[in-house]
Colleague: 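Provided herewith is a single structure, encoded as structure tokens, for subsequent inquiry.
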Amino acid sequence: MSLATLGHVGQSAPMFTGRGKSLRLFRVSGVDVYVHWSWLFVALWQIENRSHVYSSLTSAAAEYLGLFAILLICAFGKVMATRQVGGRATGVLLWPLGCTTYVSSLPRRGAELWRAAAGPLVNVGLFLVFTALLWLDGIPLTAKSLPAVDDLDRLLRNLWFLNIVVLLFNLLPIYPLDGGRILRTLLWSFLSRARSLYVAVLCGFLATLALGYWALYRESIWIGVLAFYLFLTCRRNWERAKGLVVLERLPQRKELFCPSCHAHPPIGTHWRCQQCGTRIDAFAPPSECPQCKTVFPGTQCQYCQESHPIAAWAAGSPLTS
């Protein structure tokens, strides 16, 4: 099974995909599950590529679907963790490089750490379940080759292995994989919001280069594609970190706090009117655009991108953990 199917990333990661190009499969607990059209073609190719492992094509298809079932279960673990910390979850997208969750949690250290750890913790739980099933069935866990077993036993052993690979892959220190997010939140305790992202993305660049080298060593096109994709996400988050550093250096309104992330808003004309594009100070009275007189009763946080009524900012909390 190609490692290119094992990525599990957050909302900001997909650049070449979108729910507009996807088929809605079902809805669970208010979360829509989509599958990207390209997933279907890659699935057919991967199933055919794995058909030699089993006695029937059905078992190969079950392995591929089982892999994405593991990713989907992890995604819903992140959904539940996000909701526990007051965030929102709107959808899950299956695509050839893995599974993407569309979530928006509160960007505070504790909330981000819990959301990032939720996926790997689900993998640990699945590891215990698969291990117990294999032990009860008498299937060895460490043998390089299995004895003469039926397709069901071989499928169970392969899913046990794939779950471990998913766990290890998502713990790589590449932002925005879970490992990169965990690293960023740990650094956040010693560095600022922006500089912790800087360091996490830098580690992601180094890990991505190592992944690219491994792709060349293994002569794997899929791993190479995955490394290139992760490199682009790291570069995009590098630009985001630069923007956050600029924000941190600006004078701030210490008396106001974002209701979501508790960050202070900057002082100055750092917003744009949605009608005419004039640069405005969203918190300067009389809360209207000086050019077109458009009234803006609410504003968007520069840090977490969440929008709230201006009055709600005065009721914010200064807590940051």
Side-chain angles (χ1 to χ4, degrees), residues 1-10 13-17 35-54 57 59-72 74-75 93-100 119-120 123 126-127 130 141-146 154-181 183 200-238:
M1 184 64 64
S2 169
L3 285 177
T5 63
L6 301 182
H8 191 288
V9 294
M15 293 180 289
F16 310 116
T17 63
V35 58
H36 194 263
W37 63 267
S38 59
W39 182 90
L40 301 174
F41 294 99
V42 175
L44 293 175
W45 178 74
Q46 289 277 39
I47 291 171
E48 176 63 28
N49 190 48
R50 292 286 293 175
S51 60
H52 69 281
V53 177
Y54 301 96
L57 199 63
S59 298
E63 181 188 88
Y64 193 75
L65 294 175
L67 168 61
F68 275 87
I70 291 173
L71 293 174
L72 194 58
C74 292
L93 173 67
L94 303 177
W95 63 302
L97 294 184
C99 181
T100 297
N123 285 124
L126 290 175
F127 169 80
F130 281 129
L141 299 178
T142 58
K144 292 185 178 180
S145 59
L146 291 177
R154 192 174 299 276
L155 173 63
L156 185 61
R157 164 69 182 270
N158 288 342
L159 290 178
W160 171 82
F161 174 75
L162 287 172
N163 179 68
I164 295 175
V165 175
V166 170
L167 172 62
L168 297 179
F169 176 80
N170 282 318
L171 287 178
L172 290 176
I174 303 176
Y175 197 91
L177 294 179
D178 294 328
R181 290 182 179 274
L183 175 63
V201 173
L202 179 60
C203 292
F205 275 127
L206 297 176
T208 300
L209 291 176
L211 191 63
Y213 175 80
W214 187 36
L216 292 175
Y217 176 77
R218 295 290 300 272
E219 298 182 351
S220 172
I221 296 177
W222 274 109
I223 299 177
V225 170
L226 179 59
F228 178 71
Y229 169 77
L230 291 174
F231 174 82
L232 293 181
T233 60
C234 286
R235 191 175 71 171
R236 187 173 62 165
N237 281 288
W238 181 264

Colleague: Of all the heavy-atom pairs spanning Leu211 and Ile223, show the shortest one and how long it is.
Modeller: O-CG2, 3.9 Å
Colleague: Would you tell me whether Asn49 and Tyr64 have side-chain atoms, one donor and one acceptor, within less than 3.5 Å of each other?
Modeller: no
Colleague: Please check if the number of heavy atoms outside Leu206 that lie under 6.0 Å from its CG is greater than 12.
Modeller: yes
Colleague: Contact between Phe161 and Phe130 at the side-chain level, heavy atoms closer than 4.5 Å - yes or no?
Modeller: no
Colleague: Rounded at 0.5 Å granularity, tell me how far CH2 in Trp238 sits from CG in Leu202.
Modeller: 5.5 Å
Colleague: Below 4.5 Å, heavy atoms only, C-beta onward: do Trp222 and Leu226 meet side chain to side chain?
Modeller: no
Colleague: Taking all atoms of both residues into account, what is the closest heavy-atom pair of Ala227 and Thr208, and its distance?
Modeller: O-CG2, 3.0 Å
Colleague: Hey, does the Lys NZ or Arg CZ of Arg181 hover above the aromatic six-ring of Tyr175, less than 6.0 Å from the centre and inside 45° of the axis?
Modeller: yes
Colleague: To the nearest 0.5 Å, tell me how far Arg50 CZ sits from Tyr54 OH.
Modeller: 5.5 Å
Colleague: Counting distance only, does the side-chain N/O of Asn163 pair as donor-acceptor with the main-chain N or O of Leu159 below 3.5 Å?
Modeller: no
Colleague: Walk me through it: do Leu155 and Asn158 pass the test side chain to side chain contact (heavy atoms under 4.5 Å, CB included)?
Modeller: CA-CA 5 Å; Leu155 173 63; Asn158 288 342; 5.5 Å; no
Colleague: For Leu93 and Val35, what are the C-alpha separation, side-chain angles and deciding distance, and is it a side chain to side chain contact (heavy atoms under 4.5 Å, CB included)?
Modeller: CA-CA 6 Å; Leu93 173 67; Val35 58; 6.0 Å; no
Colleague: Say whether, by atom type as modelled, one donor and one acceptor occur between the side chain of Asp178 and the main chain of Leu171 under 3.5 angstrom.
Modeller: no
Colleague: So, for Cys74 and Gly119, which heavy atoms are closest and what is the spacing to 0.1 Å?
Modeller: SG-O, 3.8 Å
Colleague: I'd like to know whether Leu167 forms a side chain to side chain contact (heavy atoms under 4.5 Å, CB included) with Phe127, so could you lay out the CA-CA distance, the side-chain angles of the two residues, the decisive distance to 0.1 Å, and finally the verdict.
Modeller: CA-CA 9 Å; Leu167 172 62; Phe127 169 80; 5.9 Å; no
Colleague: Do Ser38 and Trp95 have side-chain N/O donor and acceptor atoms under 3.5 Å apart?
Modeller: no
Colleague: Could you tell me if the side chain of Trp160 sits less than 4.5 Å from the side chain of Ile164, heavy atoms only?
Modeller: yes
Colleague: Which heavy atom of Ala200 sits nearest a heavy atom of Leu183, and at what distance?
Modeller: CA-CD2, 4.2 Å
